[in-house]
Amino acid sequence: MTDLSEKMKGFIFNLDGVIVDTAKYHYIAWRRLADEMGVDFPPEQHENLRSLSRMESLEKILEWGGLYMTEAEKLHWADVKNNWYQGLVANMTPEEVLPGVVPFLNAVRNSGGRTALSSASRNARAVLKSTRLESYFDVILDGSAARKAKPHPECFLLAAIALHLSPSECIVFDDAVLGVQAARIGGFHIVGIGKPEHLPDAELVIPGFADCRLSDILIAVEKMSPAVTVG
Ligand code: G6P
């Protein structure tokens, strides 16, 4: 391990929007459902579903359309959407991994860092399999791991435990406001992926991993103080 990475030992990645762009497939599947229900669902509206669970997403769409469903109907339609989504991600290829991700993961592992994938998606493993990324992670936690939704930090805390590290030794990479909040509440270092104006609570925001050097991230993170751990 290099000097720079002595303090930062764990690298925890969200999946959707960080490693791969699955948001477009979630949108296609939700849009199909919204169309069947006669709910207007433009792409910009989908931004509001980022990081929400499958059921929370369905409930938002119903709310926007002013529709009511019984719990049984919700379970049925969430399942229908999931089948459509699974059909789409089954055809994903390694070419769909976002630019710079694989070199960055290699750099982390070559420096002795440990990697975890922590996703709210129950389809995370299927996506990793289609894109052939499974072997890049020491720990993989999908949506069945955490019981509490973000901004509760449970998903990241479970990843830190599995890596045998404390939150202050880990950097979380997340593209969503809820993910950034969860990481901060959990006492992790947090690098936002996207635009700084969308992620004001992140300690550092990068547009993505293309041309991103591990050493630059570590230098920036060394200067940060992680948020206070709660709970
Ligand atoms: C991630 C995505 C959400 C998605 C959720 C559950 O958090 O950002 O858009 O709804 O995972 O995904 P799943 O594949 O389990 O329906």
Side-chain angles (χ1 to χ4, degrees), residues 12-34 37 39 41-65 69 71 73-92 96-98 101 116-131 133-134 137 140-159 172-183 185-186 188 190-195 198-199 202 208:
I12 303 174
F13 300 83
N14 182 10
L15 177 69
D16 298 319
V18 174
I19 300 285
V20 285
D21 179 18
T22 42
K24 63 184 176 202
Y25 299 122
H26 278 296
Y27 178 67
I28 291 170
W30 282 129
R31 175 69 191 264
R32 188 170 165 187
L33 194 83
M37 292 171 183
V39 177
F41 185 41
E44 56 276 14
Q45 189 84 306
H46 188 245
E47 282 299 305
N48 298 314
L49 302 186
R50 217 172 259 262
S51 260
L52 296 189
S53 71
R54 196 179 307 161
M55 198 48 86
E56 287 170 327
S57 303
L58 175 60
E59 284 168 352
K60 278 275 173 210
I61 292 169
L62 294 176
E63 188 187 316
W64 293 328
M69 272 187 192
E71 289 306 309
E73 285 169 332
K74 282 192 225 171
L75 284 172
H76 167 73
W77 285 108
D79 211 33
V80 168
K81 178 268 173 181
N82 194 45
N83 285 337
W84 290 335
Y85 178 72
Q86 285 178 335
L88 294 165
V89 299
N91 293 320
M92 285 181 81
E96 291 183 66
V97 177
L98 290 171
V101 166
L117 189 287
S118 176
S119 170
S121 170
R122 287 172 184 256
N123 295 298
R125 282 177 189 276
V127 172
L128 292 180
K129 192 162 180 253
S130 298
T131 52
L133 284 174
E134 283 166 306
F137 297 99
I140 296 173
L141 297 175
D142 67 12
S144 59
R147 276 183 288 176
K148 294 174 186 149
K150 294 172 188 172
H152 195 284
E154 186 184 13
C155 60
F156 298 135
L157 292 172
L158 290 173
V172 167
F173 297 87
D174 204 303
D175 67 318
V177 171
L178 285 174
V180 169
Q181 286 173 353
I185 292 169
F188 292 85
I190 169 71
V191 174
I193 307 293
K195 294 187 177 158
H198 293 159
L199 301 169

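Residue numbers run from 1 in the order of the sequence given. Side chains are part of it too, since the values below use all heavy atoms of this structure and drop only hydrogens, waters and symmetry mates. Atoms within each ligand, like the ligands themselves, are counted from 1 in listed order.
No close placement of the Tyr85 and Tyr25 rings is indicated, their centers lying 6.0 Å or farther apart.
Closer than 4.0 angstrom to ligand 1 sit non-hydrogen atoms from Asp16, His26, Leu49, Ser51, Leu52, Ser53, Arg54, Ser57, Tyr85, Ala120, Ser121, Arg122, Asn123.
The shortest non-hydrogen separation linking Gly17 to Ile193 is O-CG2, 4.1 Å. Taking each heavy atom of Met92 and Thr131 in turn, the nearest pair found is CE-CG2, 4.0 Å.
In Lys74, the NZ atom is crowded: over 12 heavy atoms of neighbouring residues, nucleotides or ligands sit closer than 6.0 Å.
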I would like to know whether Phe156 and Ile190 meet side-chain contact (heavy atoms from CB on, under 4.5 Å); could you show each step before the answer? CA-CA 11 Å; Phe156 298 135; Ile190 169 71; over 6 Å; no
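In terms of modelled atom types and a separation under 3.5 Å, the side chain of Arg125 and the main chain of Ile140 share a donor-acceptor contact.
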